[in-house]
Amino acid sequence: MASEKKKQRKLLSVLSRALVIVVFSFFLTYIITVMAGSADFTKAFSERQALSDFDGDIATAEALSTVHYDNLYAVAARMEYLQSAEAVRAVAESYIGSPQFGDLRYYTGGRAFAANGIEIEREHSGAEMIEALSASRAPGCTGVYFDSLEEKHCIAFFVPVRGSAYVDGVLSILPVRDIISLSSLESGPAAALLIDGGGAVFASTVDAQFPYTTGNHFYSFLDGLPLDAAQRAAVYATARTGEKGATTIDLPGGQYTVCMAPLAGFGGQLSLITFTPNSGMTAPELIYLRHVLNISIIAIVTLAVGILYALFYYRKTQRALVVAESTDATLGCPNAAQFEHTAADLLQVRGRTRYAVALLEIRQYTYLTGKIGEGEMTELLKYVAQVLQTFCHAREAYGYLGDGRFAMLLERDHENSVRDRTRLIEAVVNKHSILGASHSKRKFNIGVSLVQEGKRQGIKELLGYAAIACEKAKNDLSIPFVVFNEEIRHEEQHNAAIEAEMESALTNHEFRLFLQPKYNVADDRIDSAEALVRWFDTKKGDYRFPGEFIGLFETNGFIIKLDHFMYAETLKYLSQAAEKGEKVVPVAVNVSMVTASQDNFLSFYVEQKKKHRIPDGFITIEFTESFAMEDYYKIRHIVDTLHKNGIRCSLDDFGTGYSSFGALKNIPFDEVKIDRTFLAPGFDRRTDDAVLSTILSLARSLGMRVVQEGVETKEMFDRAVAQGCDVIQGYYYAKAIPVEEYRIFVGTNTSIKYKSLVK
Ligand code: C2E
Ligand code: CA
Ligand code: CA
């Protein structure tokens with residue numbers, strides 16, 4: 001079940017993660033696509049694209065000049081080192097009519113000659129530019145000039161000739177239109193123009209937007225385009241920088257990127273300008289983006305459907321699981337997890353409501369289960385669960401925690417309202433045949449923790465407090481329930497301090513043996529004594545009494561060590577006193593249930609007795625009544641074994657818990673000690689007397705001695721005697737005294753005149 005749940009959780013988390021990624025990439029793509037559709041993005045994208053293409057166009061245009069220089073260098077090469085004017089002329093003449101050359105000139109000593117050898121006094125057009133170029137004696141070209149005879153724009157290239165006295169250099173005058181074939185640019189941009197520093201334009205165009213012009217002025221070409229003023233100015237500005245650049249223009253046919261750059265091969269005289277239509281959304285990258293976007297949309301839809309399905313399926317199974325997991329399988333009521341869950345929710349959501357957490361524990365649950373059987377106990381628990389369910393309001397919660405413990409979250413007006421309600425619950429539960437039949441006054445140990453207003457307390461914490469309070473309620477039958485309070489909190493702290501000290505106290509001999517003499521009514525003298533522990537607190541210089549620490553030691557297990565220690569101290573005293581020939585009477589030691597449940601319990605107590613050579617009958621072990629409610633067979637075995645080894649057994653605190661006549665009947669105790677609560681004022685004297693006399697006659701018929709504990713006054717003494725108790729223990733006769741004092745007591749004061757006490 002758990003692994004199934006895990007798998008589902010994993011699937012769900014994988015799916016939701018995938019959805020997050022897909023949604024994220026969808027938005028990313030969406031944003032990019034939206035940007036791509038936007039004018040700015042298109043512009044920037046297209047400009048970048050156009051500029052990168054433009055580099056290729058520049059190379060093409062530059063190559064044109066290289067070709068013309070190469071041609072002219074070939075002529076110059078043929079003229080190098082020629083030794084006569086004729087030879088020079090012959091070479092020049094050979095180029096007349098050659099398609100690669102326009103008018104060829106060669107220069108000697110500052111004079112210019114045509115290819116046919118006729119001297120030219122002055123060029124009819126572009127004379128200054130040509131003369132300046134030829135006089136430079138360096139390779140180069142002129143700017144574009146207009147040949148007025150031919151009515152063409154021309155450009156002249158010059159290359160010097162080496163090593164001949166008859167020629168200084170060669171020059172060819174070429175119509176720009178002829179020398180520069182723009183055909184190689186035609187397949188690319190919509191229009192490619194060559195301009196001469198803002199002057200003449202030589203255009204190649206594949207787009208009707210741009211008039212095929214040659215020989216126009218660039219600015220009039222620009223003026224021919226239907227541009228807005230700002231864009232026109234931007235184009236001018238780019239052209240004027242004399243550096244490579246791009247700008248975008250809008251024409252009725254679409255948006256274009258204008259790229260321009262001066263051409264180095266033409267001495268910077270010429271610039272190349274291209275007009276490239278902007279690609280917008282048709283560019284391959286953008287088409288790709290569109291695809292990604294479409295795929296993302298499909299993926300999101302698919303995944304969303306998948307997740308919805310998984311969620312639906314998950315919810316369905318989850319609900320089934322929650323129902324299964326939050327219910328106690330046998331009782332069919334909310335279990336601990338469900339209670340904590342609901343209670344935590346209520347505490348959080350209804351922060352202003354005053355709440356209390358109550359823990360109801362069936363008294364003596366383990367004992368009772370043993371007595372009535374599992375099946376009957378389940379029926380009882382079911383009944384309690386039903387009662388709680390009817391008692392719970394809508395904004396309250398209850399649940400079964402196991403081991404006979406129920407938890408409730410109750411609304412409260414005041415502390416009493418919780419008490420009244422739990423009492424009512426108890427009263428109703430009492431109607432159940434089993435609980436009703438049990439003679440114990442209280443059916444539940446009830447511990448309550450009040451939710452502090454304005455304080456955020458977790459349900460676990462509150463349950464913990466309620467459990468502590470419940471533990472206290474267990475030990476005090478006189479109160480209906482215990483509310484966890486500051487006092488208990490202090491006690492918790494106090495316990496923590498005790499736990500910190502107990503081990504060292506044992507090694508430092510802070511635990512001392514006290515003995516309380518018991519009085520034998522028939523013999524009118526000391527009968528025996530009970531060994532009682534006292535903890536000498538060296539810091540306070542005073543004794544701590546068992547009530548302060550025994551309960552705690554029973555929960556933390558330290559009682560085993562303490563019981564063993566007290567037993568050892570008792571044996572030590574008895575053997576030493578006997579050795580010295582002092583008078584001794586039997587001594588009873590207390591053994592906690594925890595100690596008696598140890599595997600080595602019998603062997604330890606028997607061996608210790610042997611080791612100290614204590615005669616039979618001088619040691620009695622007092623077991624508490626709750627011990628006698630455990631497994632009869634086990635206890636019988638314990639008692640029998642102790643008897644065989646000369647140790648007597650006493651049933652202590654009889655009448656405090658689920659008094660078990662069964663225990664009396666089935667286990668051969670030597671003695672039964674009636675708890676002092678039987679003598680407490682306020683008890684119904686007549687019923688008590690009846691119960692007491694029943695116990696007494698039963699005990700007597702079974703051959704047991706009856707000891708009355710807690711006899712403090714003459715009145716109590718008389719009553720106990722009148723009832724026929726054999727032995728009396730209490731302050732009226734003697735208090736528990738240190739072992740040294742006790743030695744004196746046994747030796748000197750073992751007898752009191754009973755009769756004189758009576759009257
Ligand atoms: P308990 O076994 O019932 O011992 C009798 C208790 O009653 C003793 O209390 C004793 O001092 C007290 N007592 C005696 N006469 C009177 C009286 O006339 N009036 C009143 N009010 N009390 C009287 P103490 O010594 O405080 O011991 C309390 C409990 O601690 C004992 O109850 C016993 O259960 C436990 N205890 C004491 N020493 C040991 C020990 O060494 N081991 C174990 N496991 N438990 C011990
Ligand atoms: Ca005792
Ligand atoms: Ca007792």
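Order of listing sets the numbers, starting from 1, for every ligand and every atom in it. Being a predicted model, the structure only gives us computed values, none of them experimental. Computed from heavy atoms alone, side chains included, the values below leave out hydrogens, waters and symmetry copies.
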Visitor: Checking a contact table here: which protein heavy atom is nearest atom 20 (C) of ligand 1, and how many Å away?
Guide: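 Looking only at protein heavy atoms, the one closest to atom 20 (C) of ligand 1 is E712 OE2, 3.1 Å.
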Visitor: Would you please indicate if the ring centroids of Y605 and H564 are separated by under 6.0 Å?
Guide: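 Ring centroids of Y605 and H564 are less than 6.0 Å from each other.
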Visitor: Check whether any N, O or S atom of D675, backbone or side chain, sits closer than 3.0 Å to the Ca ion (ligand 3).
Guide: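 For D675, the answer is no, given that no N, O or S atom comes within less than 3.0 Å of the Ca ion (ligand 3).
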Visitor: Using a 4.0 Å cut-off to any heavy atom of Q516, which atoms of ligand 1 qualify?
Guide: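 Selected atoms, number and element: 10 (C), 14 (C), 15 (N).
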Visitor: Among all the protein's non-hydrogen atoms, which is closest to atom 1 (P) of ligand 1, and how far away is it?
Guide: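 Atom 1 (P) of ligand 1 sits closest to the protein heavy atom E530 OE2, 3.9 Å.
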Visitor: Identify the closest protein heavy atom to atom 31 (C) of ligand 1: which residue and atom is it, and at what distance?
Guide: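 Checked against all protein heavy atoms, atom 31 (C) of ligand 1 sits closest to L532 CD2, 4.2 Å.
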Visitor: Check the angle between the aromatic planes of W535 and F549 and answer parallel, tilted or perpendicular using the 30° and 60° thresholds.
Guide: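 Judged by the thresholds at 30° and 60°, the geometry between W535 and F549 is perpendicular.
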Visitor: Looking only at protein heavy atoms, identify the closest one to atom 7 (O) of ligand 1 and say how far it is in Å.
Guide: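 Ranked first by proximity to atom 7 (O) of ligand 1 is R676 NH1, 3.5 Å.
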Visitor: Taking just the N, O or S atoms of D653, which one is nearest to the Ca ion (ligand 3)?
Guide: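 Answer by atom name: OD1.
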Visitor: Counting backbone and side-chain atoms alike, does S650 have an N/O/S atom under 3.0 Å from the Ca ion (ligand 2)?
Guide: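 No - counting backbone and side chain alike, S650 has no N, O or S atom under 3.0 Å.
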Visitor: Could you check whether any heavy atom of G710 sits closer than 4.0 Å to an atom of ligand 1, since that is the contact criterion I want to use?
Guide: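 So G710 counts as touching ligand 1.
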Visitor: Among all protein heavy atoms in this structure, tell me which lies nearest to atom 45 (N) of ligand 1, with the distance rounded to 0.1 Å.
Guide: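 Going atom by atom, the protein heavy atom closest to atom 45 (N) of ligand 1 ends up being N590 CB, 3.6 Å.
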Visitor: Which residue and non-hydrogen atom of the protein lie closest to atom 13 (N) of ligand 1, and at what distance in Å?
Guide: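 Nearest protein contact, heavy atoms only, for atom 13 (N) of ligand 1 is Y731 CE2, 3.8 Å.
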Visitor: For the residue pair Y742 and Y573, is the inter-centroid distance of their aromatic rings smaller than 6.0 Å?
Guide: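 Centroid distance Y742-Y573: below 6.0 Å, so yes.
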Visitor: Within the stated cut-off of 3.0 Å, is an N/O/S atom of E622 closer than that to the Ca ion (ligand 2)?
Guide: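 E622 does place an N, O or S atom closer than 3.0 Å to the Ca ion (ligand 2).
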Visitor: Report the C-alpha distance between E501 and E510 in whole Å, list the side-chain angles of each, state the deciding distance to 0.1 Å, and finish with yes or no for side-chain contact (heavy atoms from CB on, under 4.5 Å).
Guide: CA-CA 10 Å; E501 294 167 16; E510 287 176 29; 5.8 Å; no
Visitor: Kindly indicate whether a cation-pi arrangement holds for R534 with Y543, taking the cut-offs as under 6.0 Å to the six-membered ring centre and within 45° of the axis.
Guide: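 Verdict for Y543: no cation-pi partner in R534.
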Visitor: In the protein, what heavy atom is nearest to atom 41 (O) of ligand 1, and what distance, to one decimal place, separates them?
Guide: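 I find the closest protein heavy atom is M566 CG, 3.3 Å.
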Visitor: If you take the nearest heavy atom of each of D563, D652, T713, which one is closest to atom 42 (N) of ligand 1?
Guide: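 Considering heavy atoms of D563, D652, T713, the nearest to atom 42 (N) of ligand 1 sits in D563.
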Visitor: Can you find a non-hydrogen atom of K673 under 4.0 Å from ligand 1?
Guide: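 No heavy atom of K673 comes that close to ligand 1.
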Visitor: Could you find the nearest protein heavy atom to atom 29 (C) of ligand 1 and give me its residue, atom name and distance?
Guide: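 I find the closest protein heavy atom is P546 CB, 4.2 Å.
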Visitor: Could you check whether E709 pairs with K673 (Lys NZ or Arg NE/NH1/NH2 to Asp/Glu carboxylate O, under 4.0 Å)?
Guide: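 K673 and E709: salt-bridged.
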Visitor: Any side-chain donor-acceptor pair under 3.5 Å between T330 and D328?
Guide: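 The answer is yes; a qualifying pair exists.
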Visitor: Would you check if the distance from the ring center of Y398 to the ring center of F406 is below 6.0 Å?
Guide: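 Aromatic pair excluded; centres sit 6.0 Å or further apart.
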Visitor: How many degrees, to 10°, between D652 OD1 and E709 OE2 as seen from the Ca ion (ligand 3)?
Guide: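 If I round to 10°, I get 90°.
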